[in-house]
Amino acid sequence: MESLELTLLGLAILLMIVWCVNWCMHLSALIYGKWRLHRQHPDVVVEELPGISILKPLVGIDPNLFENLETFFNMKYPAYELLFCIQDEFDASRMIVQSLMDKYPAVDAKMFLGGKNVGINPKINNMAIGYEAAKFDLVMISDSGIKMNEDTLIDMAVHMTSKVGLVHQMPYICTRKGFASNLEKMYFGSQHAKCYLLADLMRINCATGMSVLMRKSVLDEAGGLKAFGQYLAEDFFMAQAFLDRGWRVICCSRLALQNSGTYSISHHHRRICRWMKLRNAMVPTTVLFEPLSLCMPVGIITAWAVNYIFDISPLTFLLVHTLIWFLLDYTRMKHLEHGSIPFSKFDFVVCWFINEIGYMLLLLQSHLEPAITWRGRHFKLKWGGVVEEIYTKQTV
Ligand SMILES: CCCCCCCC/C=C\CCCCCCCC(=O)N[C@@H](CO)[C@H](O)/C=C/CCCCCCCCCCCCC
Ligand SMILES: O=c1ccn([C@@H]2O[C@H](COP(=O)(O)OP(=O)(O)O[C@H]3OC[C@@H](O)[C@H](O)[C@H]3O)[C@@H](O)[C@H]2O)c(=O)[nH]1
């Protein structure tokens, strides 16, 4: 009996430690975010910044594609080239790119059609020819849904100091109409931002491949772009290749502004679930630790612990815990927005709860359905990250 009580007390103390670690994570991410993000670079001599080759992998179109791509033709940067990689020669995005190239003849832009089969990852295959044609030593990969501010490239280049090999942007969401967009903003502004900033602070590899600037010479030393075609989480392995060679990988101070014109709650959930599956395979410790960094699971288990140790009402504890967590998320989101949050406080509360509950369900789903579907293709992820395409039989 005594040993059971001792075990329960030990467990309760352990849970309280996990709870304290979570508050430390929250506060550190808030402070680090304030220091790292939205910096200005008034003293930079822009003309001296190195040239950049920007790879834009494109598949299909969405209502914001023209607007998003146009921002790349209007960047304040001394030397850059745009390498549009279009997966299918009959893809509708070809017309959009052509019209932008006609509108901005002074911008160095080229189109590459069809890609090259160098592996399984379709994004890598799509960019393979463009990568070979890149003329600068700094290569940037920028996904189709990204919108750039005029000075983002400057910010990324400034972060590429002599010890840094890869600069990435923390994903965030542009303000668009509707609840689905607000929910996406909530996801990227709460738990995701907290962990992303912390991982960057602690130099843990967390680079997301939607917007990354890299030293091409180092990537070539690692086998070039094609070496990463066997993985679906090519972003993680690319960043790892830089870390393994002693280079620093850092997050710059501008956020990656995702502004895809096609969005819905189910699309967001499918995408996040796909990312969770990648994380589970790449960094298996996240299987245990990710649930332990979420508001509700941590609140519930700690409510039991404080009740066991201090006889505090679990419900009161849970309410106070949730309220403070919520306020910290609100503060972080305000900071990410660099101003006021673009939806009402009521919408914020609703989105926050739906995001917290949805997050837990998605984590569960990511374990129940291991296969990955990406843009209509199915993949089987093996431990360690190597991927295999699953072909389904067509019946006529
Ligand atoms: C007692 C509490 C411990 C807390 C541990 C928290 C673990 C949280 C794990 C993940 C949360 C989100 C991570 C954000 C970045 C990942 C984005 C992503 O999934 N990207 C994929 C698609 O682009 C990519 O292919 C995935 C690659 C693997 C990334 C692995 C990230 C590990 C991040 C760990 C963060 C630890 C924070 C600090 C711990 C004290
Ligand atoms: O078959 C494909 C699918 C996607 N892509 C391109 O890859 C980019 C990202 O595609 P999506 O927007 O569908 O996917 P995500 O935003 O979830 O991608 C993210 O997660 C998986 C990682 O491997 C990626 O690096 C990261 O960008 C786009 O530019 C898209 O055009 C291809 O070129 N071919």
Side-chain angles (χ1 to χ4, degrees), residues 14-15 17-26 28-29 32 55-62 65 68-69 84-88 91 93 115 120-128 130 141-146 168-171 187-188 190-212 228-229 231-240 251 256 258 260 262-263 267-268 270-294 297-298 359 363 366 372-377 379 381 385 387 389:
L14 185 70
L15 294 180
I17 294 173
V18 169
W19 185 70
C20 293
V21 170
N22 266 286
W23 292 116
C24 291
M25 284 171 61
H26 245 311
S28 318
Y32 183 62
L55 291 161
K56 292 287 304 177
L58 302 178
V59 192
I61 53 168
D62 74 55
L65 187 64
N68 292 339
L69 295 186
F84 293 100
C85 305
I86 299 176
Q87 192 156 292
D88 174 6
D91 199 299
S93 60
I120 304 272
N121 186 318
K123 177 178 165 185
I124 294 284
N125 288 346
N126 191 7
M127 294 187 296
I141 296 178
S142 171
D143 284 0
S144 53
I146 298 292
H168 54 106
Q169 288 192 278
M170 183 171 95
Y187 174 82
F188 284 103
S190 54
Q191 162 77 359
H192 186 276
K194 181 186 75 186
C195 291
Y196 206 92
L197 287 165
L198 263 178
D200 186 55
L201 174 66
M202 298 174 75
R203 303 196 181 180
I204 297 173
N205 179 6
C206 68
T208 297
M210 66 178 65
S211 185
V212 275
F228 303 93
Y231 308 113
L232 219 47
E234 81 296 333
D235 43 3
F236 176 81
F237 287 100
M238 278 182 194
Q240 197 55 47
C251 179
Q258 301 174 78
S260 168
T262 312
Y263 54 96
H267 179 267
H268 167 63
R270 280 197 303 275
R271 181 173 183 234
I272 294 315
C273 195
R274 169 161 54 84
W275 286 18
M276 283 170 175
K277 290 175 192 178
L278 294 180
R279 291 203 288 272
N280 295 344
M282 245 54 69
V283 189
T285 43
T286 61
V287 174
L288 172 69
F289 288 116
E290 197 161 350
L292 288 181
S293 64
L294 295 175
V298 173
Y359 203 122
L363 274 180
S366 70
I372 290 190
T373 301
W374 189 21
R375 302 243 185 178
R377 291 168 72 176
F379 303 91
L381 201 56
V387 79
E389 187 154 2

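If you read the sequence from its start, that first residue is 1, and numbering goes on from there. Ligands are counted one by one from 1 in listed order, and the atoms in each one are counted from 1 as well.
- Annotation: Arg279 places an N or O atom under 3.5 Å from an N or O atom of ligand 1; distance criterion only.
- Both the backbone and the side chain of Val59 come within 4.0 Å of ligand 2, judged by heavy-atom distances.
- Nearest to atom 30 (C) of ligand 2 by heavy-atom distance, out of Arg375, Arg377, Glu234, is Arg375.
- Classification of the Tyr231-Phe237 ring pair by plane angle, with boundaries at 30° and 60°, yields parallel.
- Looking at Asn125 against ligand 2, nothing comes within 4.0 Å, counting heavy atoms.
- Around atom 22 (C) of ligand 1, the closest heavy atom drawn from Thr208, Asp235, Asn205 belongs to Asp235.
- Closest heavy-atom approach to atom 39 (C) of ligand 1 among the candidates Met238, Met282, Met202: Met202.
- Listed by number with element, the atoms of ligand 2 under 4.0 Å from a non-hydrogen atom of Pro122 are 1 (O), 2 (C), 34 (N).
- In this structure, Arg274 has no salt bridge (Lys or Arg N to Asp or Glu O under 4.0 Å) partners at least two apart in sequence or on a different chain.
- Heavy atoms of Leu58 found under 4.0 angstrom from ligand 2 belong exclusively to the backbone.
- In the candidate list Lys56, Lys123, Gln87, Gln87 is nearest to atom 34 (N) of ligand 2, counting heavy atoms.
- Neither the backbone nor the side chain of Gln258 has any atom closer than 4.0 Å to an atom of ligand 2 (non-hydrogen atoms only).
- Scanning Leu278, Asp143, Val212 for the heavy atom closest to atom 26 (C) of ligand 2 points to Asp143.
- By heavy-atom distance, the residue among Trp275, Trp374, Phe228 lying nearest atom 20 (O) of ligand 2 is Trp275.
- Residue-level proximity to ligand 2 for Arg274 is carried by the side chain, the only part with a heavy atom below 4.0 angstrom.
- Qualifying salt bridge (Lys or Arg N to Asp or Glu O under 4.0 Å) partners for Arg270, counting only residues two or more places apart in sequence or in other chains: none.
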